[in-house]
Asks: 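One structure coming up, written as C-alpha cells, with questions to follow.
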Protein chains: 2
Amino acid sequence: MARTQAADYDERKDAIVEAAAALFAARGFNGASVADIAERCESSKSLIYHYYQSKEDILYDVMISHVRALEQAAGEATAGAAAPAQKLRDLTQAFMALYVGAANRHKVLLNDLDKLPDARSGEIVAVQRGLIDKVGELLAAIEPALAKRKGARVPAAMLYFGMINWTHTWFDPKGSIGAAQLADMAVDMTLKGLSGAVK
Amino acid sequence: MARTQAADYDERKDAIVEAAAALFAARGFNGASVADIAERCESSKSLIYHYYQSKEDILYDVMISHVRALEQAAGEATAGAAAPAQKLRDLTQAFMALYVGAANRHKVLLNDLDKLPDARSGEIVAVQRGLIDKVGELLAAIEPALAKRKGARVPAAMLYFGMINWTHTWFDPKGSIGAAQLADMAVDMTLKGLSGAVK
DNA sequence: CCTACCGATCGGTAGG
DNA sequence: CCTACCGATCGGTAGG
C-alpha cells in the first residue's frame, strides 16, 4: 500500500502559515526571509519548500485563509431575516473579532497585498470586492438616499471599512475599550454619527 | 575660499525624496533599492549617498516632510474663531488635499513607518500624536458626551482618521467623486452618520 | 560624481 | 520506489 501523507501534514502546514503571518506582520514580506520562517517553526528551510513551492505561495495562503474567514462570517451575519442595521452590527462584530483573533494575517493582508503577482492578488481582491458589495447593499437598505445615488455607495462602504480596518494600526484589545465596544461604536458612528456613538 | 553647496542642492535633494517616495509607495521600502532610486533620478548610486547617509535617512525625509505639512495644515485650520464643526471640516479638506497631492508620501507613511528605527519613528509618531489630539479636542467640543468619557476620545478620533486615511487604498481622484466631496462625506458621517452623509 | 568592488544574505535547489 | 525531510550550497543581488 502506498504511503500517504504524514498524519500531521495539515498541522505542520498551518504552523508555517501562522509563523509566516507573524513575521510578515512584524517586518513586511520582503523584510522576513524563508530562513526566518523556518527558524520560527524549528525546522529547516528545506522543510518549508517541501510544503510550499515559493515564498509567494506562503503569502497567498496567509491572505486567502483570512479573507475566506471574513467571507464566511459576512455570509452568516447577513443570512437571517434581521433588519439591515442589525445585520451590519452582527457583521461588524464578527469582523472585529476576526481582526483581533487573526491580527497578524489581517495586517499582512492590508500591507502586503501588492507583493503578490497580479494573478494571485486578483483572487484576493475579488473576495474583498464581494465584502464591499455586501456592505454597500446593507447601507443602501438602511439609507434609501444611498440606493438612489449609485455612485455614493462604494465611497460610503469604504468610509465604513476605513473605520474598522484602520483599527489594526492603533487598537489594543487589552486597552480601555474592548473589540465589541469598538465595533458598536463604529456601527453607531455609521448610523447616527458621533452623538450616537458616544452617548 | 571654501567651495559652497551646489546652487541646485535643494532641488536635487527634493528630487531624490520624490523619486524615493514613488518607488517606496509602489514596491515598499524593502522592495525598492537605492540603485532603483538612482536610476529614476538619472544619476548614480553614489550621488544618492552624497546627499543621504543611508537608505533609512531617505525614508525619514519622505515621512517627516509629509507629516510636517499635515501639522501646518491642521494648525491653520484650527487657528481661527470658527465653530468646532467648521474647523473639523476645514481640517479634513486640507488633509484630503494633501493626501491626494502627496499620495506617494502618504502611502509610504502608512505602510513603512515601522521600517524606521525606533528613535526616528518616534519623532514621526509624536507629530501624528499631536494631530490625533487636535482632532480629539475638536470632537469633544462638538459632542459634550465625549468630553466626559475621556477613554472614548482617542477611539472616536481614530474612527475618524480611519475614514480619511483609508482612502489611500481605494480613492481615485479621477473617479466619480472628488476629494472635496469625499472629505465632506467623511465629516458628515462623523457628525450625523450615514443619513447626513448621503442626503 | 563614477566604476569597481566588499561582506552578508537573499530565495531556491542539489544529492542522499 | 515512495514520502519526508536534512546539511550544504547554488547563482544573484542587496546596501554601502
Side-chain angles (χ1 to χ4, degrees), chain A residues 1-17 19-63 108 112 114-117 119-121, chain B residues 2-17 19-24 26-63 108 112 114-117 119-121:
Chain A
M1 187 177 167
R3 249 178 106 176
T4 55
Q5 267 179 180
D8 56 355
Y9 183 90
D10 288 331
E11 286 142 56
R12 273 178 177 278
K13 192 158 183 174
D14 199 63
I16 293 170
V17 174
L23 287 163
F24 293 163
R27 305 177 204 170
F29 176 70
N30 285 319
S33 70
V34 176
D36 292 334
I37 300 172
E39 191 182 8
R40 201 181 172 103
C41 293
E42 291 178 310
S43 74
S44 68
K45 223 162 53 162
S46 301
L47 175 64
I48 307 293
Y49 281 101
H50 174 72
Y51 286 89
Y52 284 99
Q53 288 200 40
S54 71
K55 195 187 176 191
E56 269 172 12
D57 283 3
I58 306 176
L59 180 62
Y60 175 78
D61 254 18
V62 169
M63 292 179 172
V108 173
D112 287 321
D114 52 8
K115 302 317 184 289
L116 234 39
R120 312 297 299 275
S121 66
Chain B
R3 252 178 101 175
T4 55
Q5 268 179 179
D8 56 356
Y9 182 90
D10 289 332
E11 286 142 57
R12 273 178 176 279
K13 192 159 183 172
D14 199 64
I16 293 170
V17 174
L23 287 163
F24 294 164
R27 306 179 205 170
F29 176 70
N30 285 319
S33 71
V34 176
D36 292 334
I37 300 171
E39 191 183 9
R40 200 180 173 105
C41 295
E42 291 179 309
S43 75
S44 68
K45 223 161 53 162
S46 304
L47 174 65
I48 307 293
Y49 280 102
H50 173 70
Y51 285 88
Y52 285 99
Q53 288 200 40
S54 71
K55 194 187 178 192
E56 268 172 13
D57 284 3
I58 306 175
L59 179 62
Y60 175 79
D61 255 18
V62 169
M63 292 179 171
V108 173
D112 287 321
D114 52 8
K115 279 19 169 243
L116 234 38
R120 313 297 299 274
S121 66

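Since this is a predicted model, take the numbers as computed values, not measurements. Proteins come first, then strands; the chains are lettered A, B, ... in the order of their sequence lines, and each starts at number 1.
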Asks: Between atom CZ in Arg12(A) and atom C1' in dT3(D), what is the gap in whole Å?
Replies: 13 Å
Asks: Expressed as a whole number of Å, how far does the C1' atom of dG15(C) sit from that of dC5(D)?
Replies: 13 Å
Asks: For Ile58(B) and dG16(D), give me the distance from atom CD1 to atom C1', rounded to whole Å.
Replies: 12 Å
Asks: For side-chain contact (heavy atoms from CB on, under 4.5 Å), just list the numbers for Tyr51(A) and Val17(A), CA-CA rounded to whole Å, side-chain angles, deciding distance to a tenth of an Å, and then say yes or no.
Replies: CA-CA 10 Å; Tyr51(A) 286 89; Val17(A) 174; over 6 Å; no
Asks: Looking only at atom types and distance, does a side-chain atom of Lys115(B) sit under 3.5 Å from a main-chain N or O of Gly31(A), one as donor and one as acceptor?
Replies: no
Asks: To the nearest Å, how far apart are Asn30(A) CG and dC10(C) P?
Replies: 11 Å
Asks: Find out whether Tyr49(B) and Val34(B) are in side-chain contact, i.e. whether some heavy atom of one side chain is under 4.5 Å from a heavy atom of the other.
Replies: yes
Asks: Please state how far atom OH in Tyr49(A) lies from atom P in dC10(D), giving the value in whole angstrom units.
Replies: 17 Å
Asks: So, does His50(A) get its side chain near the phosphate of dA4(D), meaning an N or O under 4.0 Å from OP1 or OP2?
Replies: yes
Asks: Take the protein atom NZ of Lys115(A) and the nucleotide atom P of dG11(C), then report the distance between them rounded to whole Å.
Replies: 14 Å
Asks: Looking at Asn30(B) and Asn30(A), would you say the former's side chain and the latter's main chain have a donor-acceptor pair under 3.5 Å?
Replies: no
Asks: Take the protein atom NZ of Lys55(A) and the nucleotide atom C1' of dT13(C), then report the distance between them rounded to whole Å.
Replies: 17 Å
Asks: Hey, is the side chain of Tyr52(A) poking within less than 4.0 Å of OP1 or OP2 on dG12(C), counting only N and O atoms?
Replies: no
Asks: Return the value, rounded to whole Å, for the distance between atom CZ of Arg27(A) and atom C1' of dC10(C).
Replies: 14 Å
Asks: Within residues 32-48 of chain A, find the residues that approach DNA chain D with a heavy atom at under 4.0 Å, and present them sorted by residue number.
Replies: Ser44(A), Ser46(A), Leu47(A)
Asks: How long is the line joining CD of Gln53(B) and C1' of dG15(D), in whole Å?
Replies: 14 Å
Asks: If you count the non-hydrogen atoms of other residues, nucleotides and ligands that lie under 6.0 Å from CD in Glu39(A), is the total more than 12?
Replies: no
Asks: Going by heavy atoms in the side chains, are Lys55(B) and Phe24(B) under 4.5 Å from each other?
Replies: yes
Asks: Would you say Ile48(B) and Ser43(B) make side-chain contact, with heavy atoms under 4.5 Å?
Replies: yes
